[in-house]
Amino acid sequence: MTTRLIDESLFDGEFGGGSDAGDPPRLVGARCSACGTVVFPRQDSCPRCPDGAMSARVLPVSGRVWSWTLQAFPPKPPYRPPSGGHRAYHVGYVDLGEVLVEARLAVPRAEIRIGLPVRLTTVTAYQDEDGTEVLTFAFAPDRDGGR
């Protein structure tokens, strides 16, 4: 099956370009040269100060769940449900140390909790009309215990 990333500007390098063939691509944010603020996704200006230039910053692949909720109903467009229709999923903020990232959480309900160590992965967001599987980033339990 053919796959593609939902938005290549969110990621560093080529799809599947991690050190191991199965590694997901890494997320890329931006860092302000003046105050050090890190943001995700990338943006052209700093949200905290007017003085710095923003440069690409590859983000850590592991962190901890900072907060979470269950997305029980379909979000507004541009959300596209997967084949078979919307199924509830967890979303939340993941603390990557220098930035909080809002993301899908590929974590079973019985395991999800604030502080849970998680690691970057990809999940299917939906399938294009031509059958291409479109992947988005998510975080799954880090069985190695996180950082």
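If you read the sequence from its start, that first residue is 1, and numbering goes on from there.
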Between atom [atom1] of [X] and atom [atom2] of [Y], what is the distance when rounded to the nearest 0.5 Å?
X	Y	atom1	atom2	result
Y89	T69	OH	OG1	11.0 Å
D95	S67	CG	OG	11.5 Å
L105	L70	CG	CG	10.5 Å

In a check of side chain to side chain contact (heavy atoms under 4.5 Å, CB included) between V94 and each of L120, L116, L100, V118, which one passes?
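Only one of L120, L116, L100, V118 forms a side chain to side chain contact (heavy atoms under 4.5 Å, CB included) with V94, namely V118.
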Contact between Y93 and V101 at the side-chain level, heavy atoms closer than 4.5 Å - yes or no?
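They are not in side-chain contact.
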Atom of Y79, atom of H86 and distance for their closest heavy-atom approach:
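That closest heavy-atom pairing would be OH-ND1, 2.8 Å.
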Hey, mind stepping through V65 and R113 against side chain to side chain contact (heavy atoms under 4.5 Å, CB included) and telling me if it holds?
CA-CA 7 Å; V65 173; R113 62 181 167 76; over 6 Å; no
Going only through I, L, V, M, F, W and Y residues with side-chain contacts under 4.5 Å, is there a path from [X] to [Y]?
X	Y	value
F137	I6	no
V91	L10	no
L59	M54	no
F139	W68	yes
V107	I114	yes

Hey, could you give me each pair passing salt bridge (Lys or Arg N to Asp or Glu O under 4.0 Å) that has a residue in residues 118-135? Not counting sequence neighbours.
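Found R4-D128, R80-D128, R80-E129.
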Give me each pair satisfying salt bridge (Lys or Arg N to Asp or Glu O under 4.0 Å) with a member in residues 34-61, each pair once, sequence neighbours excluded.
R57-E98
Does F11, at its CZ atom, have more than 12 non-hydrogen atoms belonging to other residues, nucleotides or ligands within less than 6.0 Å?
yes
Assess the residue pair T132 and T3 against the criterion (side chain to side chain contact (heavy atoms under 4.5 Å, CB included)); give the C-alpha distance rounded to whole Å, side-chain angles, the decisive distance to 0.1 Å, and a yes or no.
CA-CA 5 Å; T132 300; T3 60; 5.5 Å; no
Side chain to side chain contact (heavy atoms under 4.5 Å, CB included), that's the test. Do V134 and L5 meet it? Break it down for me.
CA-CA 6 Å; V134 180; L5 295 171; over 6 Å; no
Under the side chain to side chain contact (heavy atoms under 4.5 Å, CB included) test, which residues partner P47, sequence neighbours left out?
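Once residues adjacent in sequence are excluded, the partners of P47 under the side chain to side chain contact (heavy atoms under 4.5 Å, CB included) criterion are T37, V39, Q43.
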Determine, step by step, whether C46 and C35 satisfy the side chain to side chain contact (heavy atoms under 4.5 Å, CB included) criterion, reporting the C-alpha distance in whole Å, the side-chain angles of both residues, the deciding distance to 0.1 Å, and the verdict.
CA-CA 9 Å; C46 181; C35 71; 3.6 Å; yes
